[in-house]
Amino acid sequence: MNYQESAHILEKINSAQKILLSCHAHPDSDCVGSSTVLSGVLEKMGKQTKIICPDEVPDFLQFIEGANTVEKQRFEDFDFSEWDLYIMCDTSGWKRLFMDTNFTPPTLPLIVIDNHTSNKGFGSINLLDYETSSVCEMLFNVLQDWNIEITKSMATSLLAGMLGDTGSFQFEVYKNTFSIADKLMNLGADRELAAYNLFNNLPLDLIKFWGLVISKLTVDPKGFAYVALTEAEYAPYLHIYGTRETAAQLIISKVGGTNFGFIMTEDTANNSSVSFRSRGGVDTSKIAVALGGGGHPGASGAWIRNTPFDEALQKILDLCRAV
Ligand SMILES: [Mn+2]
């Protein structure tokens, strides 16, 4: 057994018929890969499943089999009472699903499968593994525990989650990450398809957005890099997927002489988002948690709502300077 929780999770699944799954807001290859693979396995077991997500799954993730079945859903309006069991993958808290700040989490039995260090468990069963690249890597272990055969397309989906969450094995690589990736390759995972779609087929407007970020990049004397864009500056790029995440990854975390950094965008008046990246020793998830968000030491983020731009930026700068 890779995980002692695997058997308990399977018991819960066996006694349920209608099983709900979800992807977090701003879905990525790890939440889409893990939920679609798990949903496929459950369907083969004869279960009825549905995957819901507060956002649309973007085009570049449609190569993941079953991504087109993920339903965009306002969680505040969803009728959870029809479902027997809820399995939530790659989601550190309810706040990544409900868009309103005032919400009531559903009461149905919940299984949480996650690797975010800020996730201490809020389900009836919690499978948490912080020493793993991604939930897709965790799910590989779980499927082994259940003796489930992994098809070529499942292997591609799981590898996509691993590639996405490690930035092609640059970070969040743990002791079993390479050996599991190797097993997925041997099962026929299409690495080229995943890498092309995840990293090398980017919209021109996204690349132009990076130009704006580069032109405004600042290095604080305390040793971190940052960019903050006002609503007016960010508005032309708001509709593009992955602006903040890619800029954080490809620009903020590459500035020599800094240990970490962030990009903040004011998405609508007085409502901002911030993404942190660290490249040495600084646990940015602590800053994110202090702002009401979460994530990993190397990559984390938060939403700062109902706060004017200058005040939100000052809040983040104060926390970063205190690191
Ligand atoms: Mn994710």
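Partners of T230 under the side chain to side chain donor-acceptor pair (under 3.5 Å) rule, at least two apart in sequence or in another chain, are E233. Residues satisfying the side chain to side chain donor-acceptor pair (under 3.5 Å) test with N186, not counting sequence neighbours, are none. Applying the side-chain contact (heavy atoms from CB on, under 4.5 Å) criterion to S118, with sequence neighbours excluded, gives S92, H116, V289. Contacts of S34 classified as side-chain contact (heavy atoms from CB on, under 4.5 Å), with partners at least two apart in sequence or in another chain: C89, V135, C136, L139. In this structure S39 satisfies the side chain to side chain donor-acceptor pair (under 3.5 Å) test together with T49, sequence neighbours excluded. Taking N259 as the reference, nothing meets the side chain to side chain donor-acceptor pair (under 3.5 Å) condition, with sequence neighbours excluded.
Cluster partners of L110 are L20, I52, F75, F78, F80, W83, Y86, M88, W94, L97, F98, F103, L108, V112, F122, L128, Y130, counting Ile, Leu, Val, Met, Phe, Trp and Tyr whose side-chain heavy atoms approach within less than 4.5 Å, directly or via other members. Through direct or relayed side-chain contacts under 4.5 Å between Ile, Leu, Val, Met, Phe, Trp and Tyr, I240 connects to L202, L206, I207, F209, W210, L212, V213, I214, L217, V219, V227, L229, Y234, Y237, L238, L250, I251, I252, V255, I263. Cluster partners of F171, using a side-chain heavy-atom cutoff of under 4.5 Å among ILVMFWY residues and allowing indirect links: none.
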Do any side-chain atoms of residues 4-12 form donor-acceptor pairs under 3.5 angstrom with protein atoms, and if so which ones, sequence neighbours left out?
| from | atom 1 | to | atom 2 | distance (Å) |
| --- | --- | --- | --- | --- |
| S6 | OG | Y3 | O | 3.3 |
| S6 | OG | D145 | OD2 | 2.6 |

Per-pair distances, 0.1 Å, donor-acceptor, side chain in residues 315-323, under 3.5 Å, sequence neighbours excluded:
| from | atom 1 | to | atom 2 | distance (Å) |
| --- | --- | --- | --- | --- |
| D318 | OD1 | Q314 | NE2 | 3.0 |
| R321 | NE | D220 | OD1 | 2.9 |
| R321 | NH2 | D220 | OD1 | 2.6 |

Side-chain polar contacts of residues 299-306 - donor-acceptor pairs under 3.5 angstrom, sequence neighbours left out - could you list them?
| from | atom 1 | to | atom 2 | distance (Å) |
| --- | --- | --- | --- | --- |
| S300 | OG | T284 | O | 3.2 |
| S300 | OG | T284 | OG1 | 2.8 |
| R305 | NH2 | M99 | O | 3.3 |

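By the 6.0 Å contact criterion, CG on D59 is open, its count of non-hydrogen atoms from other residues, nucleotides or ligands being 12 or less.
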